[in-house]
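By convention in this document, chain letters (A, B, ...) are assigned in the order of the sequence lines, proteins followed by strands, and residues within each chain are numbered from 1.
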Amino acid sequence: MSPKDSASTPALHDWNLDPQAAVQLQKELRERIRLEPLPGPVKLIGGADISFNLYSDIFHAAIVVLDYESLEVVESTYFTQTVDFPYIPGLLSFREIPTLLRAYEQLQQRPDVVMVDGHGIAHPRRMGIATHFGLVTGTPTLGCAKKILTGKFTAPGPDRGDASPIQAGSDTLGYALRSKPKVKPVFVSPGHLLDLAGALEIARHCLRKHKLPEPTRMAHLLVNEHRRRAHDQ
DNA sequence: GCGACAG
DNA sequence: ATCTTGTCGC
């Protein structure tokens, strides 16, 4: 019985860590981050999101795959399990990635890039959930968050697609992106195997009529659907 | 020491 | 993150 029947990724590291060890691990993993242009054109883009009921340790994860040109969902997977790692700002990946990974492994198609709900390198140690997910899966990733975690930014212009850099000292970590007029911006940053310009270009491409780019928006809708179905039954 | 703090 | 209807503003 070879361990190849499900497209699992060789474990990069243990997930059963305490917060102190998790911070130490982040400091080691950050050395492996590669911010570079994509190797080729994007045909498929993934979206990843987590959902759970308040005060519940039962997590629900969904991965969606969209055709990059039409932004139509062509595949989706779902997984649910209990989680014990607490929510600690800066350590979100240790709470959410294990469940996301189980959903990701069920995909029949490998997206060329995955958009994760949360930050990429726009993180105190440059190890946001999108970056961590990219390192673990070996896939290009970007983060799209609804709130800033670290760094400074000035308000982007008023039109859809307008962006302003997120700065940490002299480093640019990502962009505040006006995804929809009259709405607060979202925060986009590269995760892994993608560069700043690529992350911004992809996020812009995925904008439609809503605040959230399609991959993240679809993953959010889908995972909530699943959670409610599992809850009120 | 104080305030901030993704989901 | 999630619970929720209407309502104010462009």
query: If you look at every strand shown and take non-hydrogen atoms under 4.0 Å, does A:Ile129 touch a base, only sugar-phosphate, or nothing?
result: base

statement: Ranking B:dC5, C:dC3, B:dG7 by distance to the side chain of A:Pro89, first place goes to B:dC5

task: List the atom of A:His192, the atom of A:Arg34, and the distance in Å for their closest heavy-atom pair.
output: ND1-N, 3.0 Å

task: Ignoring backbone atoms, test whether A:Lys146 places a side-chain nitrogen or oxygen under 4.0 Å from the OP1 or OP2 oxygen of B:dA6.
output: no

- prompt: Rounded to the nearest Å, what distance is computed from the CG atom of residue A:Asp49 to the C1' atom of nucleotide C:dT2?
  reply: 12 Å

field: Close side-chain approach of A:Phe59 and A:Arg227, heavy atoms under 4.5 Å
entry: no

query: Atom NE2 of A:His226 and atom P of C:dT2: how far apart are they, to the nearest Å?
result: 14 Å

message: Using a 4.0 Å heavy-atom cut-off, does A:Leu91 contact any base of the nucleic acid, only the sugar-phosphate backbone, or nothing at all?
response: base

task: Would you mind classifying the nucleic acid contact of A:Ser56 as base, sugar-phosphate or nothing, using non-hydrogen atoms under 4.0 angstrom?
output: nothing

message: Less than 4.0 angstrom between a side-chain N/O of A:His220 and OP1 or OP2 of C:dT2, yes or no?
response: yes

Minimum-distance nucleotide to A:His119 side chain [options: C:dA1, B:dA6, C:dC3]: B:dA6

message: Checking side-chain contact (heavy atoms from CB on, under 4.5 Å) between A:Val113 and each of A:Ile45, A:Leu193, A:Thr141, A:Thr139, which is the one that passes?
response: A:Ile45

task: Write down the distance between CZ (A:Arg125) and C1' (B:dA6), rounded to a whole number of angstrom.
output: 12 Å

- prompt: Which nucleotide in the set C:dC10, C:dT2, B:dG7 lies at the smallest distance from any side-chain heavy atom of A:Leu54?
  reply: C:dT2

- prompt: Does the ring of A:Tyr87 lie flat against the base of B:dG7, closer than 5.5 Å centre to centre with planes under 30°?
  reply: yes

message: So A:Gly90, base contact, sugar-phosphate only, or nothing? Heavy-atom distance under 4.0 Å.
response: base

query: When you check the phosphate oxygens OP1 and OP2 of C:dA1, does a side-chain N or O of A:Asn53 lie under 4.0 Å from one of them?
result: no

- prompt: Are the side chain of A:Arg102 and the backbone of A:Thr80 linked by a donor-acceptor contact shorter than 3.5 Å?
  reply: no

query: A:His13 versus A:His132: any side-chain heavy-atom pair under 4.5 Å?
result: yes

message: For A:Phe52, does the six-membered ring have the charged nitrogen or CZ of A:Arg95 within the cation-pi criterion, i.e. under 6.0 angstrom from the centroid and within 45° of the normal?
response: yes

message: For a quick test of reading the model: is some side-chain N or O of A:Arg126 closer than 4.0 Å to OP1 or OP2 of B:dA6?
response: no

- prompt: Within the structure, does a side-chain N or O atom of A:Lys147 lie under 4.0 Å from either OP1 or OP2 of B:dA4?
  reply: no

- prompt: In whole angstroms, how far is the C1' atom of B:dG7 from the CZ atom of A:Arg95?
  reply: 8 Å

query: Tell me: NE2 of A:His231 to P of C:dA1, nearest whole Å?
result: 17 Å

message: Please determine whether a side-chain nitrogen or oxygen atom of A:Thr150 lies at a distance below 4.0 Å from atom OP1 or OP2 of B:dA4.
response: no

task: Could you state the atom-to-atom distance from CG of A:Asn224 to C1' of C:dT2 in whole Å?
output: 9 Å

task: Return the value, rounded to whole Å, for the distance between atom CG of A:Leu149 and atom P of B:dC5.
output: 9 Å

- request: Grab the CG-P distance between A:Leu100 and B:dG7 for me, whole Å please.
  value: 14 Å

